[in-house]
Structure formats: structure tokens, C-alpha cells
> 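A single structure is presented below for examination.
Chain letters run A, B, ... following the sequence lines, proteins first and then strands; every chain starts at 1.
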Amino acid sequence: GAGVSQSPSNKVTEKGKDVELRCDPISGHTALYWYRQRLGQGLEFLIYFQGNSAPDKSGLPSDRFSAERTGESVSTLTIQRTQQEDSAVYLCASSRRTSNEQYFGPGTRLTVT
Amino acid sequence: GQNIDQPTEMTATEGAIVQINCTYQTSGFNGLFWYQQHAGEAPTFLSYNVLDGLEEKGRFSSFLSRSKGYSYLLLKELQMKDSASYLCVLGDGGYIPTFGRGTSLIVHP
């Protein structure tokens with residue numbers, strides 16, 4: 001079956017511009033996570049969605065970052081006024097339940113010039 | 001809070017066996033995961049332990065001791081394609097798992 005998909009796969013943007021990243025989780029997966037991974041670094045948790053519950057935004061690094069999820073389907077991560085330190089791979093993962101293994105999308109590589 | 005410790009890098013020879021250790025401290029526990037991440041790719045799930053003991057899955061096995069806060073991933077009959085980063089991931093009872101920094105495994109001929 002289809003896995004987690006993300007778009008775009010690569011995004012190059014100028015400092016100060018806004019970007020929107022998209023994640024389509026596996027159908028039926030109620031939990032959805034966004035992570036950031038800088039080059040050579042570990043995964044950094046950003047935000048978590050579980051069904052229709054209020055999201056856990058505790059990992060968002062600043063108020064320039066926001067995310068939405070439509071029901072139990074697609075999610076978008078928006079970064080406003082991008083900065084060079086936002087350059088990273090943004091990974092989305094979904095799971096059937098919060099305690100289950102996560103299935104990761106291929107990621108979006110964001111480069112802010 | 002949680003703290004995960006695993007070696008930064010390991011090297012091994014093709015065909016050999018390698019054990020990647022992970023120690024952790026946590027106030028809650030609902031499982032320990034291992035993921036594999038090849039360079040430039042997303043992590044993929046390898047194993048999940050919630051009870052003490054050894055879980056075997058083909059060439060890969062994972063062990064857990066909750067009382068010692070210790071896990072290891074055992075890779076047998078190493079192949080060149082096993083060169084990757086191996087992530088120890090802790091479920092602390094909440095819904096946000098904690099990822100370790102990963103162990104970069106280099107398999108050479």
C-alpha cells in the first residue's frame with residue numbers, strides 16, 4: 001500500500017519568504033508527527049497530531065512555525081519569514097496509535113539562501 | 001525527562017556480527033524502538049521491545065533490560081548495505097518518542 005508522502009521533496013527559498021510543506025499520512029493512521037533533522041544531527045520533534053485532539057505544539061522552535069491537519073489526513077507545516085537556520089530536512093511520520101512504530105515520509109529538504 | 005546514550009560511530013567487517021548498545025534514563029516507559037536510517041533517507045522501523053528479553057527478526061535482534069535501562073541491537077552476517085545510522089528511540093509513556101542521536105555503522109569489506 002501507499003506509504004507516507006511529502007511534498008515538495010526539495011525547496012530552495014530566499015530568507016524572509018514563507019514556505020509550506022505538505023504531508024499525506026498512511027490512511028487510517030491517527031497519529032502524525034513532524035520532525036526536523038539538520039545535517040548530521042538527530043531528529044528534533046516539532047509537533048504532534050492525534051485524531052481530532054488539539055495538537056501538541058511543544059516542539060515548535062518559534063512562532064514562525066505553525067502546522068495544521070485536516071481531520072485524520074493531510075497536514076501542512078508552514079514556516080513564515082524563513083531564516084537560514086531553518087535549513088534542514090523536515091520529516092513527517094504517521095502511526096496507527098501513539099505507541100506504535102512510526103512510518104516516515106521521504107522528507108522535504110529545505111534550503112534557505 | 002529522558003536521556004539516551006549510544007555510541008556515535010562503529011565500524012565492522014562484512015560477514016561479522018556487531019552489537020550496538022543503548023542506555024537510557026526515563027521516568028516512564030512504554031517501549032524501546034530501533035530504527036535504521038541510510039544517509040539521505042528517512043528512518044525505517046526495525047524493532048520494538050516492551051518486555052525484557054531478546055526479539056529476533058532475521059539477521060537483526062534487539063534486546064531489552066528495563067531494570068538496567070539498557071538495550072542493544074545485534075546485527076549478524078553484516079552486509080555492505082547495513083552501513084547506516086541506527087537510532088535508539090524511547091517511548092516514555094507519553095506520545096512523543098525521544099530519538100537518540102544515532103550510531104553510524106560503517107561496514108567495510
Side-chain angles (χ1 to χ4, degrees), chain A residues 3-7 9-10 21 23-26 29-60 67 69 88-111, chain B residues 1-9 20 22-24 26 28-51 55 57 60 62 64 66 71 73 83-106:
Chain A
V4 178
S5 61
Q6 293 186 244
S7 61
S9 55
N10 280 283
L21 313 179
C23 170
D24 284 272
I26 294 172
H29 281 195
T30 59
L32 186 147
Y33 302 78
W34 282 98
Y35 296 92
R36 177 170 70 179
Q37 188 172 32
R38 293 194 169 103
L39 187 64
Q41 302 296 311
L43 271 71
E44 177 186 359
F45 165 77
L46 295 178
I47 189 169
Y48 159 81
F49 294 90
Q50 171 59 45
N52 294 316
S53 302
D56 183 325
K57 305 178 182 179
S58 60
L60 294 180
R69 187 180 186 193
V89 175
Y90 289 82
L91 291 163
C92 173
S94 70
S95 65
R96 285 192 183 88
R97 294 188 303 272
T98 56
S99 60
N100 281 20
E101 66 266 25
Q102 297 182 31
Y103 294 80
F104 284 82
T108 294
R109 182 175 300 279
L110 175 67
T111 304
Chain B
Q2 308 84 37
N3 186 39
I4 298 174
D5 190 32
Q6 54 181 131
T8 303
E9 186 175 292
I20 303 174
C22 171
T23 58
Y24 63 88
T26 182
F29 183 87
N30 69 349
L32 190 134
F33 302 81
W34 284 94
Y35 285 79
Q36 179 190 59
Q37 186 176 25
H38 285 100
E41 298 182 12
T44 56
F45 169 79
L46 288 178
S47 67
Y48 172 62
N49 293 68
V50 66
L51 300 175
E55 295 280 343
K57 188 185 295 184
F60 292 7
S62 57
L64 175 68
R66 293 183 60 173
S71 173
L73 181 69
S83 293
S85 182
Y86 290 86
L87 311 177
C88 178
V89 182
L90 180 63
D92 68 348
Y95 43 74
I96 303 171
T98 301
F99 281 75
R101 296 289 294 273
T103 297
S104 178
L105 175 65
I106 301 169

> Heavy-atom cut-off 4.5 Å, strictly under: side chain, backbone, both or neither for A:Gln37 against chain B?
side chain
> Side chain, backbone, both or neither: which part of A:Tyr35 has a heavy atom under 4.5 Å from chain B?
side chain
> Could you give the side-chain donor-acceptor pairs of residues 38-47 of chain B under 3.5 Å, partners two or more places apart or in another chain?
| from | atom 1 | to | atom 2 | distance (Å) |
| --- | --- | --- | --- | --- |
| B:His38 | NE2 | B:Lys81 | O | 2.7 |
| B:Thr44 | OG1 | B:Gln36 | O | 3.3 |
| B:Ser47 | OG | B:Ser62 | OG | 3.2 |

> At their closest point, which heavy atom of A:Gln102 faces which heavy atom of B:Pro97, and how far apart are they?
NE2-CG, 2.9 Å
> Mind checking what makes ring-ring contact (aromatic ring centres under 6.0 Å, His included) contact with A:Phe45, not counting sequence neighbours?
none
> Looking only at non-hydrogen atoms, find the nearest pair between A:Leu43 and B:Phe99 and report the distance.
CD2-CE2, 3.9 Å
